[in-house]
Novice: 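What follows is a structure written as structure tokens; I'll ask about it next.
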Number of protein chains: 2
Amino acid sequence: METTCAQAAPNPDPAAVARLCVCFNLRKAVRAVTQFYDTMLEPTGLRTTQLTVLVALSLAQRIPLRRFAERLVMDRTTLTRNLRPLERRRLVRIERGPDRRQRFMSLTGAGRAAMERALPLWQAAQSRMVGRGGAERWGALGAGLDEIVTIAQQNLSAAKSAV
Amino acid sequence: METTCAQAAPNPDPAAVARLCVCFNLRKAVRAVTQFYDTMLEPTGLRTTQLTVLVALSLAQRIPLRRFAERLVMDRTTLTRNLRPLERRRLVRIERGPDRRQRFMSLTGAGRAAMERALPLWQAAQSRMVGRGGAERWGALGAGLDEIVTIAQQNLSAAKSAV
DNA sequence: CCATAACATGTGTATATACACCTTTCTCGT
DNA sequence: ACGAGAAAGGTGTATATACACATGTTATGG
């Protein structure tokens, strides 16, 4: 037998919200993990965010800012600001293309060298996170995260177009 | 047959780093998810981070700052700054206790009301993320995130004590 | 009782993140 | 060829995050 209709949905229980919220749990995890990776990378003077920019850039030489931001699932203007410290340290180079609106980014020699120096420390941090035999378990989690990115992006554009 | 020993470990392949890095994948996911939740919560004037602070505070009235920060896996000083906008809007109250070093935080009536107004919107966002029948799959992911927090914290203190 | 350590918190600074708005440059229809 | 709109990017502002350092407060050993 069903409840007799027309009850207003009650607000969710705050304890359940705290336990179940996808966003909260992800943010909590990212705080813990970023602190650890950043500590491990500290001798290189690079943060994890900066290393990932260098790594992604090493895979896509001379890419315009907008496409690079999309690839990183990062707001365009966030990428602009994140490049600032790397540019100051001459690890990345930004040049105009023939279409003078576009800016093309690429790694400098110093940038590639800094990345190479940092990779062993990244490997150490990564190994301690995934541990022995963690490959399968982390594989599932990584796939879940990829899926989450897709769903969140679909939901976001649905929410925006449903003005 | 094994390789003849004594090769220096080669640097990891940048493509593998980008694909496998726990920190990078988490941060990417958190960007996408936070954007979606924040968009859904936009009518309330609260961000997801702020809502989670209100929710957590509703579960722990009059808690000192340090303990609250630990519970959220958040740096103490980060919490101080995150409280600022909520305090300005009179959603949380901060008072000294008998031990005059401590600050006790608690929700105001307005804070509780703002939380109650935001919860339905949070529920809508959450439902769209976990989807139909997503409970089990998200359950596994949530457990994985909890585990990641534990491992990252253990690794962090190990790294810090191993000066 | 006082000096010192331990403790709780705030501040200065730097990066990470994204929205709203603006400027510059290109494209395309007429 | 020109003007409207699209496209690429930057800036102003606000929050989120955390480390190094500074301040005030309590506990504690002599």
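What you see below is based on every heavy atom in this structure, not just the backbone, and it leaves out hydrogens, waters and symmetry mates. Chain identifiers are assigned alphabetically (A, B, ...) following the order of the sequence lines, protein sequences preceding nucleic acid strands; residue numbering begins at 1 within each chain. From a predicted model like this one, the values you see are computed outputs, not experimental measurements.
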Novice: On DNA chain C, nearest-nucleotide positions of A/Pro98 versus A/Thr48: which is more 5'?
Specialist: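 The answer here is A/Thr48.
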Novice: Between D/dC19 and A/Gln35, is there an OP1 or OP2 to side-chain N/O distance shorter than 4.0 Å?
Specialist: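 Looking at the OP1 and OP2 atoms of D/dC19, one of them is under 4.0 Å from a side-chain N or O of A/Gln35.
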Novice: Whole-Å distance between C/dC7 P and B/Arg66 CZ?
Specialist: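 About 9 Å, once rounded to whole Å.
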Novice: At 4.0 Å (heavy atoms only), tell me whether A/Thr49 reaches a base, stays on the sugar-phosphate, or touches nothing.
Specialist: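 Since only primed, P, OP1 and OP2 atoms lie under 4.0 Å of A/Thr49, the category is sugar-phosphate.
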Novice: Output the rounded distance in Å from CG (B/Asp38) to C1' (C/dA20).
Specialist: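 Between C1' of C/dA20 and CG of B/Asp38: 15 Å.
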Novice: What is the distance from CD of B/Glu42 to P of C/dC19, rounded to the nearest Å?
Specialist: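 In whole Å, C/dC19 P lies 10 Å from B/Glu42 CD.
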Novice: Give one of base, sugar-phosphate or nothing for A/Arg88, where a contact means two heavy atoms less than 4.0 Å apart.
Specialist: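 Sugar-phosphate: the residue A/Arg88, judged by heavy atoms under 4.0 Å, touches backbone atoms but no base.
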Novice: How would you label the contact of B/Arg84 with the nucleic acid (heavy atoms, under 4.0 Å): base, sugar-phosphate, or nothing?
Specialist: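 Sugar-phosphate, backbone atoms only, no base.
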Novice: Out of A/Val30, A/Val33, A/Leu26, which one pairs with B/Leu145 under the side-chain contact (heavy atoms from CB on, under 4.5 Å) rule?
Specialist: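 Exactly one candidate clears the test, A/Leu26.
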Novice: What integer distance in Å separates A/Phe24:CZ from D/dA16:C1'?
Specialist: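 Taking CZ of A/Phe24 and C1' of D/dA16, I get 14 Å after rounding.
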Novice: Once hydrogens and angles are ignored, does a donor-acceptor distance under 3.5 Å link the base of C/dG12 to the side chain of B/Arg81?
Specialist: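 Such a pair is found, so the answer is yes.
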Novice: Per the side-chain contact (heavy atoms from CB on, under 4.5 Å) rule, which among A/Ile94, A/Thr78, A/Leu91 passes with A/Leu83?
Specialist: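 With A/Leu83 as partner, A/Ile94, A/Thr78, A/Leu91 yield a single side-chain contact (heavy atoms from CB on, under 4.5 Å), made by A/Ile94.
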Novice: Whole angstrom is fine here: how far is it from CG in B/Asp99 over to P in D/dG24?
Specialist: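 Whole-Å distance recorded here is 16 Å.
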Novice: Using only side-chain N and O atoms of A/Asn82, determine if any of them is under 4.0 Å from OP1 or OP2 of C/dT17.
Specialist: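 Looking at the OP1 and OP2 atoms of C/dT17, one of them is under 4.0 Å from a side-chain N or O of A/Asn82.
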Novice: Just wondering, do B/Leu41 and B/Gln50 contact through their side chains at under 4.5 Å, heavy atoms?
Specialist: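 No, too far: nothing below the 4.5 Å cut-off.
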Novice: Can a side chain N or O of B/Arg103 be found less than 4.0 Å away from OP1 or OP2 on C/dG10?
Specialist: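 Checking B/Arg103 against C/dG10: at least one side-chain N or O falls below 4.0 Å of OP1 or OP2.
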Novice: What I want to check is whether an N or O donor and acceptor connect the side chain of A/Arg101 with the base of D/dG9 at under 3.5 Å.
Specialist: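 Flag unset: no donor-acceptor pair detected.
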Novice: Report yes or no: do A/Ser106 and A/Arg93 form a side-chain donor-acceptor pair below 3.5 Å?
Specialist: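 Checked: A/Ser106/A/Arg93 side chains pair up, N/O donor to acceptor below 3.5 Å.
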Novice: For atom CZ of A/Arg71, is the number of surrounding heavy atoms from other residues, nucleotides or ligands below 6.0 Å larger than 12?
Specialist: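 No, CZ of A/Arg71 has 12 or fewer neighbouring heavy atoms, counting only those of other groups under 6.0 Å.
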Novice: Just by modelled atom types, is the A/Val73 backbone N or O under 3.5 Å from a matching donor or acceptor in the B/Arg31 side chain?
Specialist: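 Checked: pair present.
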Novice: Tell me whether the side-chain N/O atoms of B/Arg31 come closer than 4.0 Å to OP1 or OP2 in C/dT17.
Specialist: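 Result: yes.
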Novice: Taking 4.0 Å as the cut-off, does a side-chain nitrogen or oxygen of B/Thr80 come that near to OP1 or OP2 on C/dT9?
Specialist: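 Negative; the distance criterion is not met.
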Novice: Expressed in angstrom and rounded to an integer, what is the separation of B/Met74 atom CE from D/dA18 atom C1'?
Specialist: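 Distance check: B/Met74 CE to D/dA18 C1' gives 11 Å.
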Novice: May I ask you to say what B/Arg100 touches in the nucleic acid, namely base, sugar-phosphate or nothing, with a heavy-atom cut-off under 4.0 Å?
Specialist: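 Sugar-phosphate contact only.
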Novice: Which residue, A/Gln50 or A/Arg76, contacts DNA chain C at a nucleotide closer to its 5' end, judged by nearest heavy atom?
Specialist: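 Checking each residue's closest nucleotide, the 5'-ward one belongs to A/Gln50.
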Novice: Classify B/Arg27 by what it touches in the nucleic acid, base, sugar-phosphate, or nothing, heavy-atom distance under 4.0 Å.
Specialist: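 Here B/Arg27 touches the backbone only, sparing every base.
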Novice: In whole angstrom, give the distance that lies between atom CG of A/Leu41 and atom C1' of D/dC19.
Specialist: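 Rounded to the whole Å, the gap is 16 Å.
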Novice: Under 4.0 Å between a side-chain N or O of B/Thr77 and OP1 or OP2 of D/dA18?
Specialist: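 Result: no.
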Novice: Rounded to whole angstroms, how far apart are CG on A/Leu65 and P on C/dA18?
Specialist: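 It is 13 Å, rounded to the nearest whole Å.
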